[in-house]
Number of protein chains: 2
Amino acid sequence: MLSTTDNVEPMGRREQNKIDTRRAIADAAFDLARSVGPGAFTVDQIAERAGVSRRTFFNYFHSAEDALTVRVDGFLDLAIEVFGKLPQDEPLFDSIISAFIETTRMEGLSQHGELFRMAAVNPELLRAQLHSWERAEVRIVEALRSRLGSGASDLYLNSLVGCVLSCTKAAMRDWASDTPTSGDDSGADLEARILAVLTMLRDGFADPGVGSMGRPRSSS
Amino acid sequence: MLSTTDNVEPMGRREQNKIDTRRAIADAAFDLARSVGPGAFTVDQIAERAGVSRRTFFNYFHSAEDALTVRVDGFLDLAIEVFGKLPQDEPLFDSIISAFIETTRMEGLSQHGELFRMAAVNPELLRAQLHSWERAEVRIVEALRSRLGSGASDLYLNSLVGCVLSCTKAAMRDWASDTPTSGDDSGADLEARILAVLTMLRDGFADPGVGSMGRPRSSS
DNA sequence: GCGAAACTTGCACGCTGTGCAACAAAGGGG
DNA sequence: CCCCTTTGTTGCACAGCGTGCAAGTTTCGC
């Protein structure tokens with residue numbers, strides 16, 4: 001099982017405090033968004049709940065919405081990390097697909113669904129999330145460049161990664177809107193969607209009715 | 001040639017004034033961004049230059065960055081409009097490709113390049129532009145739904161449109177960074193990029209070296 | 001013209017984001 | 001253990017943002 005806390009090497013007080021504070025702020029922001037709704041609270045409220053000053057909040061995040069995107073960043077960072085550990089001689093798309101599939105097994109997946117649904121009703125949060133995906137795109141392009149060498153142009157790389165992320169985003173959004181308030185982190189539905197949509201991307205979009213995508217409820 | 005002012009039907013003073021004001025504000029914002037740099041000016045300055053009050057500015061836009069995205073919105077709206085006028089029995093991807101190719105012939109294309117370059121150094125503007133593409137995505141999905149009927153699932157539609165827009169975005173970004181301060185709206189380079197990248201999308205990403213994409217400067 | 005509807009403007013108010021300087025906590029010798 | 005440096009926290013101040021409101025002004029339909 002995947003975990004974000006596998007670095008158990010000795011860590012100074014300084015470093016640990018910063019991680020704790022960051023986490024406390026992010027949790028406070030998420031709790032508030034959950035209870036009163038996204039965009040319906042102030043930075044002061046987050047800071048108070050996290051037990052820090054207003055000023056300290058802004059030492060960690062640029063805005064209230066940014067504090068809500070650390071989970072999205074975490075998801076994408078994890079996907080990149082998983083991708084990096086896969087065998088380099090595997091076909092590219094297989095690596096990409098299994099990296100995302102693996103990543104859906106992370107903890108707290110239902111929170112991601114919630115965040116997607118929040119973004120659907122809060123423009124500012126949506127922008128923050130889009131920016132988060134955009135930043136991940138840059139990192140992934142970097143990771144791919146070192147794998148593909150100079151055999152691929154910037155335009156090719158950016159298009160490829162953009163498409164992969166668009167499809168993943170679409171799969172997650174679809175999953176999030178179909179799975180309201182699922183308390184049990186059911187990643188199976190999400191996995192199926194990501195697999196379907198990335199496979200389709202690999203093989204081309206030419207025919208709308210291909211594979212398991214065209215007609216949603218026609219089994220086989 | 002394409003134009004955004006082909007509606008010459010009788011228009012009341014009210015409507016015309018609003019259009020003029022909106023345009024004045026957007027132009028003022030763009031001029032300012034161009035001269036002092038994006039993010040280096042206030043809403044008051046935009047309002048003053050546009051000859052309206054601060055309050056009126058906020059009646060038209062939510063933020064300074066929003067005033068800079070009307071051109072992006074215009075580009076995408078135009079693409080949708082062009083797409084809608086194409087024959088419905090043409091293959092889907094051909095319609096999509098020629099819609100975007102046609103749209104690159106619009107006026108003021110070099111400004112779009114400038115805006116892309118501005119967004120590269122201004123996070124807030126980048127977010128606004130990402131949001132603009134996102135909103136267009138919703139509209140395009142809507143347009144496609146009425147064309148494809150109920151034969152395609154939401155997930156399929158969102159993935160398809162997301163990929164098309166990602167590729168177009170990548171093409172424009174690539175073009176913008178390769179074409180700094182081109183005063184002559186040279187859309188040919190952009191057309192070639194969009195054609196290459198959307199064609200690749202149609203046929204699948206399986207092989208990195210396929211077509212004219214893999215090795216940038218190896219003719220044929 | 002004249003009244004209704006729509007638009008502009010100034011004002012007020014709370015919130016945002018950041019520079020700055022004082023304070024506190026952690027780390028590293030001697 | 002103390003002192004000094006480094007690093008993080010906090011309060012303060014201040015310019016700017018975004019919006020509700022009410023009073024003007026312009027446009028429209030009759």
Side-chain angles (χ1 to χ4, degrees), chain A residues 9-29 32-33 35-70 121-129 131-132, chain B residues 9-29 32-33 35-70 121-129 131-132:
Chain A
E9 49 188 85
M11 187 178 283
R13 269 251 80 76
R14 279 243 165 75
E15 209 169 345
Q16 187 59 51
N17 281 345
K18 268 174 81 174
I19 291 176
D20 290 347
T21 303
R22 194 178 179 81
R23 199 179 188 86
I25 294 175
D27 287 348
L32 266 173
S35 56
V36 305
F41 53 93
T42 70
V43 169
D44 296 74
Q45 289 175 267
I46 303 176
E48 187 184 358
R49 183 181 277 237
V52 297
S53 74
R54 189 182 114 84
R55 191 61 185 81
T56 296
F57 172 90
F58 283 112
N59 286 341
Y60 283 87
F61 300 101
H62 288 306
S63 68
E65 289 75 26
D66 277 5
L68 288 174
T69 62
V70 288
V121 296
N122 185 329
E124 215 49 55
L125 181 56
L126 175 59
R127 289 188 180 199
Q129 287 187 14
H131 194 191
S132 182
Chain B
E9 50 189 85
M11 186 178 284
R13 269 252 77 78
R14 277 239 165 79
E15 208 169 345
Q16 187 59 52
N17 282 346
K18 269 175 77 174
I19 291 176
D20 291 347
T21 302
R22 194 179 178 81
R23 200 181 187 84
I25 294 175
D27 287 348
L32 267 173
S35 55
V36 305
F41 52 91
T42 71
V43 169
D44 296 75
Q45 290 176 266
I46 302 176
E48 187 184 358
R49 183 180 278 238
V52 297
S53 75
R54 190 184 113 85
R55 191 62 183 81
T56 296
F57 172 90
F58 283 112
N59 285 340
Y60 283 86
F61 300 101
H62 288 307
S63 68
E65 289 74 29
D66 277 6
L68 288 173
T69 63
V70 288
V121 296
N122 186 326
E124 215 50 55
L125 181 55
L126 175 59
R127 288 189 180 198
Q129 287 187 14
H131 194 192
S132 182

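Numbers restart at 1 for each chain; the letters A, B, ... are given by sequence-line order, proteins then strands.
Of the possible polar contacts, one joining the Thr21(B) side chain to the Asn17(B) backbone as a donor-acceptor pair under 3.5 Å is found.
Dense packing is recorded around CD of Gln45(B), with more than 12 heavy atoms of other residues, nucleotides or ligands lying under 6.0 Å away.
To the nearest angstrom, P of dC7(C) lies 14 Å from CG of Asp20(B). Here dG11(D) presents its C1' atom at 14 Å from CZ of Phe58(A), a figure rounded to the nearest Å. At whole-Å resolution of the value, CD in Gln16(A) and P in dA26(C) are 12 Å apart. Going from atom CZ of Arg22(B) over to atom C1' of dC7(C) covers 15 Å, rounded to whole Å. To the nearest angstrom, P of dG17(C) lies 10 Å from CZ of Arg127(B). Rounding to whole angstrom units, CD1 of residue Ile19(B) and C1' of dC7(C) are separated by 15 Å. Leu32(A) places its CG atom 14 Å from the P atom of dC15(C), with the value rounded to the nearest Å. For the pair Asp44(B) CG and dC14(D) P, the computed distance is 18 Å after rounding to whole Å.
For Asn59(A) and dG8(D), the shortest distance from a side-chain N or O to OP1 or OP2 is not below 4.0 Å. Look at Tyr60(B) and you'll find a side-chain N or O under 4.0 angstrom from OP1 or OP2 of dT8(C). For Asn17(A), no side-chain nitrogen or oxygen approaches OP1 or OP2 of dG8(D) to under 4.0 Å. The side chain of His62(A) places no N or O atom within less than 4.0 Å of a non-bridging phosphate oxygen (OP1 or OP2) of dT16(C).
For dT26(D), its base never sits under 3.5 Å from the side chain of Arg13(B) at any donor and acceptor pair. At a cut-off of 3.5 angstrom, counting only N and O atoms as typed in the model, there is no donor on one side facing an acceptor on the other between the side-chain of Arg55(B) and the base of dT9(C). A donor-acceptor contact under 3.5 angstrom links the side-chain atoms of Arg54(B) to the base of dG18(D).
Counting only heavy atoms from C-beta outward, the side chains of Thr69(B) and His131(B) never approach each other to under 4.5 Å.
Of all heavy-atom pairs spanning Phe41(B) and Ala33(B), the tightest one is CE2-CA, 3.6 Å. Summarising the geometry of Asn122(B) relative to Gly39(B), their closest heavy-atom pair is ND2-N, 3.2 Å, with the distance given to 0.1 Å.
Minimum atom distance to the side chain of Lys18(B) is reached by dC7(C), of the listed dT16(C), dC7(C), dT8(C). Side-chain proximity of Ser63(B) to the nucleotides dG18(D), dT9(D), dT9(C) is greatest for dG18(D). Listed candidates were dG18(D), dG16(D), dT27(D). Nearest to the side chain of Thr42(B) is dG16(D).
Each of Ser53(A) and Arg14(A) has a nearest nucleotide on DNA chain D; the 5'-most of these lies closest to Arg14(A).
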